[in-house]
*Asks:* 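Mind looking over this structure? Questions follow.
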Amino acid sequence: MPQTIGVPRECYAGEKRVATVPDVVEKLIKLGFAVAVESGAGDAANFSDDSYRAAGAQVVEGAAALWSAADIVFKVRPPTMDEVALMRAGQALIGYVWPAQNPDLMQALAARNVTVLAIDSLPRTLSRAQKMDALTSQAGVSGYRAVVEAANAFGRFFNGQITAAGKVPPAKVFIAGAGVAGLAAIGTAAGLGAIVRANDTRAEVADQVVSLGGEFVKVNYEEEGSGGGGYAKVMSEGFQAAQREMYAQQAREVDIIITTALIPGKPAPRLITADMVKSMKPGSVIVDMAAEQGGNCELTVPGEAVVRHGVTIVGYTDLVSRLAKQSSTLYATNLFRLAEELCKTKDGQINVNMEDEAIRGLTVIKEGSITWPPPPPKQVAAPPKPAAKPAAAAEKKSAHGGSSEPLPASSLAIVFGIGAVAFWFVGAFAPATFLSHFTVFVLACFVGYMVVWNVTPSLHTPLMSVTNAISSIICIGALVQIAPPEMGGMRPDGLIRWLAVAGIALTAINMFGGFAVTRRMLAMFQK
């Protein structure tokens, strides 16, 4: 008998998201599950009960009936103690749990003898886990929404304009932290025409910032900031002092600051002090995306937008819920991908395989036993380095794979001697018609090599060089066949003439098509 996935209505204040959407309900049913949704669960995200019924879900009245009917519960926010009381032994809960921050909740869930998979505990370093990474999908939404909130509170255009009424300078935006949310904010602000600057403790994200149209602002202090699991680490006091100096300078120059710095399980670091806020221009805006964990700005009020020293400080904690339909759709897709991993047999029964590294990382409680934190990830042994070749035996290769060392004089003389004998033999015994064809062939090969083969490989791949060189040989030979006698033509019969015409047509398609494809490929890298 297939298990039932239950989707309750979120009871957290201000939460508008829902754990699954009608389009995903259909996919879950194809996996063999039955789906039950509490009445009104999707109303705040613009998903009606009728849309769930049309997708094949059962709509249940009341939270108690929903929790009673469900074998597996999909949620967004961690369950409240009242919701935990509705759970029964053998049920499975999938959603945000934050086990490090909620030890009492973990104990209460374990006491109910249930299995809990915390989507926030997914090992993000696993490439196969990206499709289930709800933290990433939701952070991208919040980064986009942070720029929208900044634009709403800001008193000017983001992009610069020159009009008959005067000149409007572009807004200057500084983004602290270039994780998923920060990168989404960079792309959005740059797309609106602002001058975007960004900083992160991880030096490797500098190229990503630049690729999105931003400028990476480096702290004048050498220290590596990469931490485990794709997050930044807590930096030394020396680095933090240099970072504060850089932030103070940016605060005086920019119009908008968006802060995203947050390490899971730790309070939000204070990056923007009250003195920095005072130094900002009147009408400036700060959007503090870490407000729920205390905020990156000293003057942030969680859940509110306040004005301090002429600067609007936005501390909303529901940025993702302000795009409820989009974020619910992305989150529902993440949970569906997890359901695929748990139900590979497509029979509507989940299998929590603790041998699977991704599933093991997600599972914080297994049948009443707390399994969090998971064991450290297995380290893949680095491949052995190949033995270094002796310097005397190493060959220098050219860009096309040939040796860059010139041939010795004796070998070169032998090659030219053999070539001269071969040409004398051909000239002495071959018919006159063959000599004209052979001459055209040799010239075509030489022209094809010199003109096409020597093109810079970054603009013209070696494979295309070879194909176009062959095409040029065919094309030149065919032109000689159909040319009139006074221009060196061969006076061919009808069949050869039409074969030559067909050869010219096909090679022309190959050559022009090759260059057209190359042009389109190069255009993909142009902004």
*Asks:* Heavy atoms only: give me the nearest Ala251-Met276 pair and the separation to one decimal.
*Replies:*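 What the structure gives for the nearest pair is CB-O, 3.8 Å.
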*Asks:* Do Lys366 and Val352 have side-chain heavy atoms sitting under 4.5 Å apart?
*Replies:*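 Yes, side chains in contact.
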*Asks:* I'd like to know if the side chain of Asn296 and the backbone of Pro269 have a donor-acceptor N/O pair within less than 3.5 Å.
*Replies:*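 Flag set: sc Asn296 to bb Pro269 pair under 3.5 Å.
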*Asks:* Distance from Ile258 atom CD1 to Ile286 atom CD1, nearest 0.5 Å?
*Replies:*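 Answer rounded to 0.5 Å: 11.0 Å.
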*Asks:* Taking Thr300 for the side chain and Pro302 for the main chain, is one N or O donor matched with an acceptor at less than 3.5 Å?
*Replies:* no
*Asks:* Do any N or O atoms from the side chain of Thr329 and from the backbone of Lys325 form a donor-acceptor pair under 3.5 angstrom?
*Replies:*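 Present.
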*Asks:* Do Ile119 and Leu338 make a side-chain contact, defined as non-hydrogen atoms from C-beta onward lying under 4.5 Å apart?
*Replies:* yes
*Asks:* Only pairs at least two apart or in different chains count here, so list each salt bridge (charged side-chain N to carboxylate O under 4.0 Å, His left out) that has a residue in residues 149-161.
*Replies:*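 Listed once each, the pairs are Arg145-Glu149, Glu149-Arg322, Arg156-Asp255.
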*Asks:* I'd like to know if the side chain of Asn159 reaches the main chain of Gly193, judged simply by a donor and an acceptor atom lying under 3.5 Å from each other, with no hydrogens or angles considered.
*Replies:* no
*Asks:* Show the numbers, then the answer: is there a side chain to side chain contact (heavy atoms under 4.5 Å, CB included) between Val116 and Val97?
*Replies:* CA-CA 8 Å; Val116 179; Val97 177; 3.6 Å; yes
*Asks:* Please check if the number of heavy atoms outside Tyr247 that lie under 6.0 Å from its OH is greater than 12.
*Replies:*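 Result for OH/Tyr247: enclosed.
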*Asks:* For the residue pair Gln138 / Arg17, report whether a side-chain donor-acceptor contact shorter than 3.5 Å exists.
*Replies:* yes
*Asks:* Look only at the side chain of Asn102 and the backbone of Trp98, and say whether a donor-acceptor pair between them is shorter than 3.5 Å.
*Replies:* yes
*Asks:* Begin with the C-alpha distance, continue with both residues' side-chain angles, and end with the deciding distance and a verdict on side chain to side chain contact (heavy atoms under 4.5 Å, CB included) for Met289 and Val314.
*Replies:* CA-CA 8 Å; Met289 296 182 63; Val314 179; over 6 Å; no
*Asks:* To the closest 0.5 Å, what do you measure between OG1 (Thr201) and OH (Tyr221)?
*Replies:*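 So the gap between those two atoms works out to 13.5 Å.
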*Asks:* For the residue pair Glu15 and Ser321, confirm or rule out a side-chain donor-acceptor distance under 3.5 Å.
*Replies:* yes
*Asks:* List the steps and the verdict of side chain to side chain contact (heavy atoms under 4.5 Å, CB included) for Val209 and Ile186.
*Replies:* CA-CA 7 Å; Val209 171; Ile186 292 168; 3.9 Å; yes
*Asks:* Under 3.5 Å, is there a donor-acceptor pair between the side chain of Thr188 and the main chain of Ala184?
*Replies:* yes
*Asks:* So, taking the atom named CG in Leu362 and the one named CD in Glu341, what distance separates them when rounded to the nearest 0.5 Å?
*Replies:* 10.0 Å
*Asks:* Of all the heavy-atom pairs spanning Ala290 and Ala268, show the shortest one and how long it is.
*Replies:*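 Scanning both residues completely, I find the closest heavy atoms to be CB-CB, 3.8 Å.
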*Asks:* Looking only at non-hydrogen atoms, find the nearest pair between Pro79 and Leu109 and report the distance.
*Replies:*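 So the minimum-distance heavy-atom pair works out to CG-CD2, 4.4 Å.
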*Asks:* How far does CZ of Phe158 sit from CD1 of Ile256, to the nearest 0.5 angstrom?
*Replies:*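 The CD1 atom of Ile256 is 3.5 Å from CZ of Phe158, to the nearest 0.5 Å.
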*Asks:* Taking the side chain from Asp71 and the backbone from Gln91, do they hold a donor-acceptor pair closer than 3.5 Å?
*Replies:* no
*Asks:* If only atom types and distance count, is the side chain of Arg9 paired as donor or acceptor with the main-chain N or O of Val37 below 3.5 Å?
*Replies:*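 Judged by distance alone, no pair lies under 3.5 Å.
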*Asks:* With a 3.5 Å cut-off and no angle check, do the side chains of Thr136 and Arg124 form a donor-acceptor pair?
*Replies:* yes
*Asks:* Closer than 4.0 angstrom, basic N to acidic O: yes or no for Glu253 and Lys281?
*Replies:*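 Looking at Lys281 together with Glu253, the answer is no, because their closest N to O distance does not fall below 4.0 Å.
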*Asks:* So, taking the atom named CD in Glu237 and the one named CD in Gln243, what distance separates them when rounded to the nearest 0.5 Å?
*Replies:* 10.5 Å
*Asks:* If every non-hydrogen atom of Val84 is compared with every non-hydrogen atom of Arg112, which pair is closest and at what distance?
*Replies:*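 Closest approach of Val84 to Arg112, heavy atoms only: O-NE, 3.4 Å.
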*Asks:* Would you call Arg77-Glu292 a salt bridge at under 4.0 Å N-O?
*Replies:*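 Yes, charged N to carboxylate O under 4.0 Å.
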*Asks:* Less than 4.5 Å apart, any side-chain heavy atom of Val254 and any of Val173?
*Replies:* no
*Asks:* Taking Ser328 for the side chain and Val18 for the main chain, is one N or O donor matched with an acceptor at less than 3.5 Å?
*Replies:* yes
*Asks:* Check this for me: Glu26, atom CD, are more than 12 non-hydrogen atoms of other residues, nucleotides or ligands nearer than 6.0 Å?
*Replies:* yes
*Asks:* Below 4.5 Å, heavy atoms only, C-beta onward: do Val73 and Pro8 meet side chain to side chain?
*Replies:*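 Answer yes - side chains close enough.
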*Asks:* Does atom CZ (Phe216) have a neighbourhood of more than 12 heavy atoms from anything else shown, all under 6.0 Å?
*Replies:*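 Check passes, neighbour count above 12.
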*Asks:* Tell me, please, which residues at least two apart from Glu340 pass salt bridge (Lys or Arg N to Asp or Glu O under 4.0 Å).
*Replies:*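 Salt bridge (Lys or Arg N to Asp or Glu O under 4.0 Å) check on Glu340 returns Arg337.
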*Asks:* Would you say the side-chain atoms of Asn199 pair up with the backbone N or O of Val217, donor to acceptor, closer than 3.5 Å?
*Replies:*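 Yes, because the side chain of Asn199 sits within donor-acceptor range (under 3.5 Å) of the backbone of Val217.
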*Asks:* Does Glu10 have any salt bridge (Lys or Arg N to Asp or Glu O under 4.0 Å) partners at least two apart in sequence or in another chain, and if so, which?
*Replies:* Lys75
*Asks:* Within this structure, what is the NZ-OG1 distance for the pair Lys27 and Thr333, rounded to the nearest 0.5 Å?
*Replies:* 5.5 Å
*Asks:* Should the pair Tyr96 and Tyr331 be assigned to parallel (<30°), tilted (30 to 60°) or perpendicular (>60°) ring geometry?
*Replies:*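 The rings of Tyr96 and Tyr331 lie parallel, inter-plane angle below 30°.
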*Asks:* Minimum heavy-atom separation for Arg270 and Gly294, please, with both atom names.
*Replies:*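 Distance-wise, the nearest heavy atoms are NH2-O, 3.5 Å.
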*Asks:* With a 4.5 Å limit on heavy-atom distance, are the side chains of Val205 and Asp207 in contact?
*Replies:* no
*Asks:* Could you walk me through whether Leu117 and Val364 pass the side chain to side chain contact (heavy atoms under 4.5 Å, CB included) test, one step at a time?
*Replies:* CA-CA 6 Å; Leu117 280 74; Val364 296; over 6 Å; no
*Asks:* For the residue pair Met87 and Trp67, what are the closest heavy atoms and their distance?
*Replies:* CG-CZ3, 3.4 Å
